[in-house]
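Contents: one structure, followed by commentary.
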Amino acid sequence: MKNHHHNHTQHEQHERHKRHAHRKEAQKKHGARQGGGDVHHADHTGHEEMFRKRFWISLVLSIPVVLFDPMIQRWAGFSMPAFPGSSWISPLFGVIIFFYGGLPFLQMALPEIKNRKPGMMLLITLAITVAFGYSLAALFLPGQMGFFWELVTLIDIMLLGHWIEMRSVRQASGALDELARLMPDTAERILENGGVEEVPVIALQDGDLVLVRPGGSVPADGVVEEGESHLTEAMITGESQPVWRRAGDAVIGGTINGDGSLRVRVTAAGEQTALAGIMRLVKQARQSKSRTQVLADKAAGLLFYVALGAAAVTAVVWTVAVGFGHEVLARVATVLVIACPHALGLAVPLVVAITTAMGAANGILVRDRLALEKARQISTVVFDKTGTLTKGEFGVVKLVSVNNGSEDKVLALAAAIEGDSEHTIARGIRRSAEEKNLSLPSVNNFEALKGRGVKAESNGSTVYTGGPQLLAMLKLELPGSLAKFQEEAERGGHTVVYLVRDQQVIGGLALTDVIRTESRPAIRQLQEMGIEVAMLTGDSETVARSVAAELGIDRYFAEVLPEHKDQKIAELQKQGKNVAMVGDGVNDAPALARADVGIAIGSGTDVAIESAGIILVKSNPLDIVKIMQLSRASYRKMIQNLWWAAGYNIVALPLAAGVLAPLGIILSPAIGAVLMSLSTIIVAINAQLLRRRSK
C-alpha cells in the first residue's frame, strides 16, 4: 500500500513537470498571471541569449580576421597562404563583425543620446566606431595600417562581458522564476454534485472548493475544509520543516501537499494570493533604487565626460608627440574602452539582485530597497508585543493541582469541558492539552455560563471552569495553595482559570499570551549588535513589565492606544535615534510608516502591506537579526564594488592614455577590453560571495 501511494505521488509530480513545458505559452497568453509578469526580468533573459549567440558567431568570424592580419603575422612569425583577394579578408570580416556584433551597442546607445544621459553603451559605441572608422580610412591612406583585428577582438570581449553580466544578473534574480514555477497551471474544482472538473488556475474564484491530491500543489490561498496532511511551505515562508494542516487551517497557494488529500475552500485567487503578492514585492524591490545605486548612476554618467576629456587630451598630446596617425587613434580607442563603466554599472544592481533573492528565500520580502539599506543604521528596534514578540494566542504557562493530584489530569479535564467553547481562553487550554498529547475524558451536557465560565458533566460529576466570577457564583473560597498561586499569577500579568468538581476547587491554570521561543534569542542578538530594543503594547503596565523582564527588554511603553503608537516612534526619533518598528501591519500601520524602517511581521498571507518597507513571511523575530546582518553585508559589498570600479579607472585610464609609453608599456584597445572585462568579472564574483553567508 505504501509503495502504491509512493508511485502515485511520483506520478503526480511527473505530471506537474510535464505541465511546466507549457508554462511559457500560458504566461504569454495570460500576461502577469499570479503577479509573475516581470517584463524587466524577461528582457535580461533575452539580452543574455542575444549576447551569447552574437559572441560565439563573432568569435568564429574573428579567426580569419586575426590570422590574415599582417601585423599579427609579423608579431607571431607566421604567414598565411596568399591568393587573389586575401588582403581583403580581414577588412571584409571586420565590417561584418562590426555591424553584427557591434549593432547591439549602437542600438542601446541611441536612448542614451535621446535622453541626454550618456553612459556605458555610448562609451562602447564611441570606442568601436573610432576603431572602425580609422581602420576603413587606413585602407585608402598610404602608409597607414588599420587594426581590424583589434576592432573584432574588442567587440568579442565586449559581447563576452555583457553575456557574463546578464547571466550573473539573471542567476541572482532567479527568485521570480522559482516562484512562478510553484503555482500549478490547473486546479481540480469540486462541483456541487460532488464531481470534479479540471480548470485553469486563473479561472478560480473566492469560495470555490478545490481538491488537492497527494504530492500536488495548492492552487490558491484558502482554508482546509476536509482532510489533513503535511505541507511543504519552505519556498514561501522559508520554514524548512513540513507543517501539519487540518480542517480550519489556512494554506498558501504554491505550497506542496504531502501524503494526505485536502479539500480547500479558496479565499484568495489570482492576483490576491500570497504568492502573487510576494512576486510583486520581489519585482518592486528589484526595480527600486537605493542611495548607493543613485550614486553609481551619477558616477557612470560623470565617467562619460571624464572619458571624453581624457580621450581629447590623449589625442592632442600624442598628435603633438608622434603626429596624427594609427597610434593616436589606437590610444584614443583604448581610453574609451577602458572607461566603459561595466564594473561601475554592475557594482550595485548585482548586489541588490542577490540580497533580494536571498531575502525572499529566507522569508524576508524587501518592498523598498532604501529600507534595507537604512537597516544597517538602525540604533533602536521597537517591537509591538502582541503577535510579534508573542504568538497572539493564549497558552497555559502555570498549572497547580490541589491535594497533590495529577496536573495533567487537571489540564485534560479543563480542556474537555472547554471543548465546545470558542473563547480565546478555551482555545488556549485546548491547545496546551494538544501540545502534551493528553487523552481527554468524555463530557456531556455542556453549558456556557455567560460572563462566568462553562459547565459540563463528566463521569457523574458536575464540573466547572471559570475565573473569580465563577467562584463568586458558586460561593466558593480558594484553598491556601491556590490563593498564593493566584497572587503570583496576577503579579505576572496572567489570566487565572479554576477547575471545580462537585463544589470543590481542584486546580488552577494560569494563562498568558505565549511568548515566541525565538523572541529571547532575537532580542539578545540585537543587543549584542549594539542595537537598543524597546517594546510597545496596549496591555497594562503589569503585563508589559512582566513580558519585558522575561525577555530582557529595558525599555517599554504600556497602555498605548494604536493611534498613539506612532507618537512613541516620533519621541524616539527626536532623541536622535534611527528607529525600526516591527508590528503586524494592521493597527501598527501609522507607526510602521513613521519609523525610519517599517517591518511588518505575521503577514504570511497578507504581503501587500503598503506601510512597511520590509515584510516577514514568517512570524519570526529572529528574522529581524537577519535583516540587520543582510543590510550590513550588502552595503559592504556595494562599497567594495564601487571602490574597485572607481579605483580601476583611476589606474587604468592613465595607462590607456600612454603615460608609461616612454617605458615601453602601451596598452592596445583589445588589452584594454580585457582589463575592462576583468574588472567586471571581479565585481560579479565579489557580489556572489554574499551567497556564502550562512545566515
Side-chain angles (χ1 to χ4, degrees), residues 364 367 371 374-375 377-394 424 492-495 512-527 529-604 606 609-616 618-628:
I364 300 170
R367 179 175 171 268
K374 282 182 178 179
Q377 300 173 322
I378 292 301
S379 58
T380 302
V381 174
V382 179
F383 285 94
D384 175 56
K385 182 185 80 71
T386 306
T388 304
L389 293 174
T390 67
K391 293 183 178 181
E393 56 189 36
F394 277 87
T424 54
H494 303 153
T495 299
T512 191
D513 190 358
V514 180
I515 294 176
R516 298 183 187 278
T517 56
E518 305 91 351
S519 294
R520 294 180 184 84
I523 291 167
R524 184 183 66 254
Q525 290 181 39
L526 286 171
Q527 292 169 339
M529 295 170 69
I531 298 173
E532 178 189 21
V533 179
M535 186 180 73
L536 196 60
T537 179
D539 285 343
S540 67
E541 174 74 20
T542 301
V543 173
R545 182 171 59 249
S546 173
V547 173
E550 189 170 352
L551 292 175
I553 298 175
D554 297 326
R555 190 169 193 175
Y556 62 88
F557 304 96
E559 300 177 13
V560 181
L561 296 174
E563 58 267 28
H564 296 156
K565 288 184 177 181
D566 65 320
Q567 297 176 10
K568 298 299 181 183
I569 301 298
E571 289 175 13
L572 292 171
Q573 290 172 327
K574 287 179 182 177
Q575 298 171 18
K577 301 179 185 296
N578 290 319
V579 182
M581 172 66 190
V582 187
D584 61 14
V586 183
N587 60 9
D588 298 320
L592 289 169
R594 173 82 66 179
D596 296 283
V597 176
I599 303 172
I601 194 171
S603 306
D606 183 19
I609 297 177
E610 298 297 325
S611 54
I614 300 173
I615 297 168
L616 305 183
K618 296 184 292 183
S619 300
N620 188 349
L622 276 170
D623 286 341
I624 308 300
V625 178
K626 291 182 181 178
I627 288 172
M628 303 303 172

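Since this is a predicted model, take the numbers as computed values, not measurements.
- For R520 (side chain) and L551 (main-chain N/O), no donor-acceptor pair under 3.5 Å exists by modelled atom type.
- Here the side chains of M628 and V381 are in contact, with some heavy-atom distance below 4.5 Å.
- The shortest distance between side-chain heavy atoms of R516 and N620 does not fall below 4.5 Å.
- A distance-only check finds no donor-acceptor pair linking the side chain of S379 to the backbone of K577 [under 3.5 Å].
- T388 has its side chain out of reach of M535: every pair of non-hydrogen atoms, C-beta onward, lies at least 4.5 Å apart.
- Side-chain atoms of Q573 and R594, non-hydrogen and from C-beta on, do get closer than 4.5 Å to each other.
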Given Q575 and T380, is the side chain to side chain contact (heavy atoms under 4.5 Å, CB included) satisfied, shown in steps?
-> CA-CA 11 Å; Q575 298 171 18; T380 302; over 6 Å; no

Just do the side chain to side chain contact (heavy atoms under 4.5 Å, CB included) check on L622 and Q525 with the steps written out, would you?
-> CA-CA 9 Å; L622 276 170; Q525 290 181 39; 3.7 Å; yes

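- When side chains are defined from C-beta on, F383 counts as touching L526, because their heavy atoms get closer than 4.5 Å.
- Nearest approach of P621 to S519, heavy atoms of both residues: CG-OG, 3.6 Å.
- Between I553 and L389, the closest side-chain pair of non-hydrogen atoms falls below 4.5 Å.
- Taking 4.5 Å as the limit, some side-chain heavy atom of I627 sits within range of a side-chain heavy atom of L616.
- At distances below 3.5 Å, not a single donor-acceptor pair connects side-chain atoms of E532 with backbone N or O atoms of R555.
- Remark: E571 engages K568 in a side-chain contact (heavy atoms from CB on, under 4.5 Å) (not counting sequence neighbours).
- With I614 as the fixed residue, the side-chain contact (heavy atoms from CB on, under 4.5 Å) test singles out one of L592, V597, V582: V597.
- In this structure, the side chains of Q527 and V533 come closer than 4.5 Å at one or more pairs of heavy atoms.
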